[in-house]
Peer 1: 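My questions will all concern the structure given below.
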Amino acid sequence: MTSDDHRAALIAGLRALADFLDANPAVPVPYSVNVLHFPHRATDAEMCAEVDRIAELLGAPINQEFGHYGASVRFGPVEYKAVAILAARRAEYEAHMSYEGCIQPDPIPDQNAAQAA
């Protein structure tokens with residue numbers, strides 16, 4: 001699928017979702033919707049340059065926090081955000097996740113069984 005095909009498919013899908021929700025008022029809607037664009041993995045400078053380019057197109061300021069470099073624009077409760085996750089943050093996350101499964105919490109007692117006793 002080309003990027004033009006993907007773009008058209010995404011836009012059509014968003015419109016179809018909006019039409020579906022409009023036509024089916026009994027279906028609950030989320031509090032908000034976040035549409036995220038992540039630059040292809042590259043150096044921090046290259047990813048930040050891509051976010052800078054998008055920020056200019058959006059007319060939005062750059063926001064840098066928690067190892068994320070991004071820019072966003074809101075349409076009511078809908079947000080479009082371009083965000084680069086910088087190398088130091090990715091390394092921190094990978095180190096954190098390297099412990100996954102190493103520590104097991106005690107089982108949570110079955111409250112229904114305790115109440116029945």
Side-chain angles (χ1 to χ4, degrees):
M1 178 182 285
T2 69
S3 63
D4 286 343
D5 292 340
H6 175 73
R7 180 183 183 87
L10 178 69
I11 292 168
L14 290 170
R15 287 189 176 125
L17 173 61
D19 291 344
F20 173 81
L21 292 173
D22 193 37
N24 295 280
V27 174
V29 298
Y31 177 75
S32 63
V33 174
N34 298 307
V35 178
L36 300 173
H37 169 77
F38 297 97
H40 290 290
R41 179 80 56 95
T43 67
D44 284 354
E46 291 167 326
M47 291 188 303
C48 290
E50 173 69 3
V51 171
D52 289 341
R53 183 185 73 76
I54 295 169
E56 189 172 327
L57 294 169
L58 299 176
I62 295 295
N63 182 339
Q64 189 168 0
E65 60 183 2
F66 309 114
H68 295 165
Y69 185 87
S72 66
V73 64
R74 289 192 154 282
F75 304 91
V78 177
E79 178 184 38
Y80 174 94
K81 184 172 188 175
V83 61
I85 303 172
L86 304 179
R89 180 64 185 116
R90 290 192 315 270
E92 184 180 282
Y93 176 78
E94 289 168 8
H96 174 79
M97 293 308 294
S98 71
Y99 288 92
E100 184 177 23
C102 293
I103 299 173
Q104 298 296 321
D106 291 337
I108 298 172
D110 182 354
Q111 293 186 5
N112 293 330
Q115 290 175 353

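Being a predicted model, the structure only gives us computed values, none of them experimental.
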Peer 1: Once you round to the nearest 0.5 Å, how far does OG1 of Thr43 lie from CG of Leu86?
Peer 2: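 Rounded to the nearest 0.5 Å, the OG1-CG separation comes to 10.0 Å.
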
Peer 1: Could you give the distance from CG (Asp44) to CZ (Arg89), rounded to the nearest 0.5 Å?
Peer 2: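 Rounded to the nearest 0.5 Å, the CG-CZ separation comes out at 13.0 Å.
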
Peer 1: Let me check something: do Tyr99 and Met97 share a hydrophobic cluster, defined by ILVMFWY side-chain heavy atoms less than 4.5 Å apart, either directly or through other members?
Peer 2: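 As far as the 4.5 Å side-chain criterion goes, Met97 and Tyr99 are not connected within one cluster.
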
Peer 1: In Å, rounded to the nearest 0.5 Å, how long is the span from CD of Glu56 to CD1 of Ile62?
Peer 2: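 Answer rounded to 0.5 Å: 10.0 Å.
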
Peer 1: What closest approach, in Å, do Ser98 and Cys102 show between heavy atoms, and which atom pair accounts for it?
Peer 2: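 That closest heavy-atom pairing would be O-SG, 4.2 Å.
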
Peer 1: Does any part of the side chain of Lys81, heavy atoms only, come nearer than 4.5 Å to the side chain of Asn63, both counted from C-beta?
Peer 2: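 Answer no - side chains too far apart.
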
Peer 1: Tell me, yes or no, whether the heavy-atom count around Glu65 atom CD, taken from other residues, nucleotides or ligands under 6.0 Å, exceeds 12.
Peer 2: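 Above 12, so yes.
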
Peer 1: Quick check: closest heavy atoms across Met47 and Arg90, and the distance to 0.1 Å?
Peer 2: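 Nearest pair, atom of Met47 first, then Arg90: CE-NH1, 3.2 Å.
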
Peer 1: Quick check: do Pro39 and Val51 have side-chain heavy atoms less than 4.5 Å from each other?
Peer 2: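 A side-chain contact exists here, since the closest heavy-atom pair is under 4.5 Å.
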
Peer 1: With sequence neighbours left out, what residues match Ile11 under side chain to side chain contact (heavy atoms under 4.5 Å, CB included)?
Peer 2: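 Ile11 satisfies side chain to side chain contact (heavy atoms under 4.5 Å, CB included) with Arg7, Arg15 once adjacent residues are dropped.
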
Peer 1: Between CD of Glu50 and CZ of Phe38, what distance do you get to the nearest 0.5 Å?
Peer 2: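 Atom-to-atom, Glu50:CD and Phe38:CZ are 13.5 Å apart.
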
Peer 1: Mind listing the closest non-hydrogen atom pair of Pro77 and Tyr31 along with its distance?
Peer 2: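 Scanning both residues completely, I find the closest heavy atoms to be CB-O, 3.7 Å.
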
Peer 1: Drop me the distance from Asp22's CG to Leu17's CG, to the nearest 0.5 angstrom.
Peer 2: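 Between Asp22 CG and Leu17 CG, I get 11.0 Å after rounding to 0.5 Å.
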
Peer 1: Residues sharing Ile54's hydrophobic cluster, by side-chain heavy-atom contacts under 4.5 Å among ILVMFWY, directly or via others?
Peer 2: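 Result for Ile54 is Val33, Val35, Leu58, Val73, Phe75, Val78, Tyr80.
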
